[in-house]
J.: 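Pasting in a structure now, in structure tokens, and then I'll have a few things to ask.
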Amino acid sequence: MKRFIQGTLALSLGLGLWLAATTTASANQYSAKRGNSVRLIWRKPMGQHQFTANRGYRYSKHLTVRYERNASVSATTWFTDAHEKFYQKNRHNYAIYYHVRNGNGKMQGWIWRGYLKPVPKPVTPKVTPAYVKTEAAQSQKITKFFPGVKTDKRLTRLVQDFVVANDDGETYQENWESCVESNGFSPKEAQQIHLISSMDGSVDGNTLTSAYKAGKLTLKDYFSRIAMSKGAPIPSKEDDYSRSVPVTYTQFKGWHIGVATVTQNDTRNLEIGYPIIYVALIPGK
């Protein structure tokens, strides 16, 4: 796991995402050359739209794995939930791919948007993956760790988007700022947001993660040790986040909170992986 900024992050304003395809992928469908021919520009969540496709292929998020032809499943209705933009090195242009899944979520992948045709009259109910419910339940548990806080839908959406945007990303701060801006937070609000993250690529962090996965640590013990006690970066006028102090659950009483978490049954195949936890807080009005 990459080493990222740890603890509370108050940032000034300045997403395959996933693949859980249950289709088989034989060795001759893998191509490192294809993956190296593109450079990820951004990956973001998107609203749910319905499409069909009868041209091209479905791919993994880095395009390294190619699945069956879209023509072989042309009757399938695809539901979108994310998109990503690539720079195609050989062609010197850009391409946008949509992450799609079928009605029961068993087929997933990325399809170039040029191959997708809108369903004229969508009638199929929205698809909700099973992990959404379990992750919402865990988010509620984490929220209860912080006495006197109020759940905020906009903050929740912010950290949920950050899970997607920051998946295997190298520009942690840029991803965060992009999510803050796209969720409508003003520059003044952005400076007040505190982000507590469980991401820690250190040896100690990996040990704690392994202990939690093995059931040797409770959720609260794990989050307390890997995030709360690691220190909260203190922003200065020069945006220096090097200084930090531990944070406590009680110090955020009266604040608004949003929580996003990745649980064991998550089917998005996120590279940041289980058990990532993001908690965003902002002073209440």
J.: Taking everything shown except Lys141 itself, do over 12 heavy atoms lie less than 6.0 Å from its NZ?
T.: no
J.: Quick one: does Thr156's side chain have a donor or acceptor within less than 3.5 Å of a partner on Gly258's backbone?
T.: no
J.: Can you confirm whether or not the ring centre of Trp78 sits under 6.0 Å from the ring centre of His49?
T.: no
J.: Go through the structure and list residues passing salt bridge (charged side-chain N to carboxylate O under 4.0 Å, His left out) with Arg154, not counting sequence neighbours.
T.: Glu189
J.: Can you check side-chain contact (heavy atoms from CB on, under 4.5 Å) on Leu219 and Ile277, steps first, answer last?
T.: CA-CA 10 Å; Leu219 178 62; Ile277 300 168; 3.9 Å; yes
J.: Is a side-chain donor or acceptor of Asn70 paired with a backbone partner of Arg55 at a separation under 3.5 angstrom?
T.: yes
J.: Between Tyr222 and Thr209, does the side-chain hydrogen bond (donor to acceptor under 3.5 Å, both in side chains) criterion hold? Intermediate values first, please.
T.: CA-CA 8 Å; Tyr222 171 68; Thr209 298; 3.1 Å; yes
J.: List the steps, then state whether side-chain hydrogen bond (donor to acceptor under 3.5 Å, both in side chains) holds for Ser37 with Asn90.
T.: CA-CA 7 Å; Ser37 70; Asn90 297 335; 4.8 Å; no
J.: Please report the C-alpha distance between Gln48 and Thr80 in whole Å, then the side-chain angles of each, then the deciding distance to 0.1 Å, and finally whether the side-chain hydrogen bond (donor to acceptor under 3.5 Å, both in side chains) criterion is met.
T.: CA-CA 5 Å; Gln48 183 169 275; Thr80 62; over 6 Å; no
J.: How many angstroms lie between OG1 in Thr151 and CD in Gln140, if you round to the nearest 0.5 Å?
T.: 7.5 Å
J.: When rounded to the nearest 0.5 angstrom, what distance separates CD in Glu84 from OH in Tyr97?
T.: 8.5 Å
J.: Salt bridge (Lys or Arg N to Asp or Glu O under 4.0 Å): which pairs involve residues 214-224, sequence neighbours left out?
T.: none
J.: Find out whether Glu135 and Asp266 are in side-chain contact, i.e. whether some heavy atom of one side chain is under 4.5 Å from a heavy atom of the other.
T.: yes
J.: The test is side-chain contact (heavy atoms from CB on, under 4.5 Å); show your working for Tyr131 and Gln264 and say whether it passes.
T.: CA-CA 9 Å; Tyr131 72 82; Gln264 193 169 15; over 6 Å; no
J.: Distance only, no hydrogens: is a donor on one side chain within 3.5 Å (strictly under) of an acceptor on the other, for Gln138 and Thr261?
T.: yes
J.: Side-chain donor-acceptor pair under 3.5 Å between Asn166 and Asn175, yes or no?
T.: yes
J.: Any cation-pi pair here, Arg66 with Tyr57, using under 6.0 Å and within 45°?
T.: yes
J.: Start with the C-alpha distance between Val180 and Trp176, add both sets of side-chain angles, then the distance that settles side-chain contact (heavy atoms from CB on, under 4.5 Å), and finish with yes or no.
T.: CA-CA 6 Å; Val180 169; Trp176 173 253; 3.6 Å; yes
J.: Just jot down the ring-ring contact (aromatic ring centres under 6.0 Å, His included) partners of Tyr249, sequence neighbours excluded, or say none.
T.: Phe145, Phe146
J.: Begin with the C-alpha distance, continue with both residues' side-chain angles, and end with the deciding distance and a verdict on side-chain contact (heavy atoms from CB on, under 4.5 Å) for Phe51 and Thr77.
T.: CA-CA 6 Å; Phe51 295 95; Thr77 296; over 6 Å; no
J.: To the nearest 0.5 Å, what is the distance between CZ (Arg39) and CZ (Phe86)?
T.: 11.5 Å
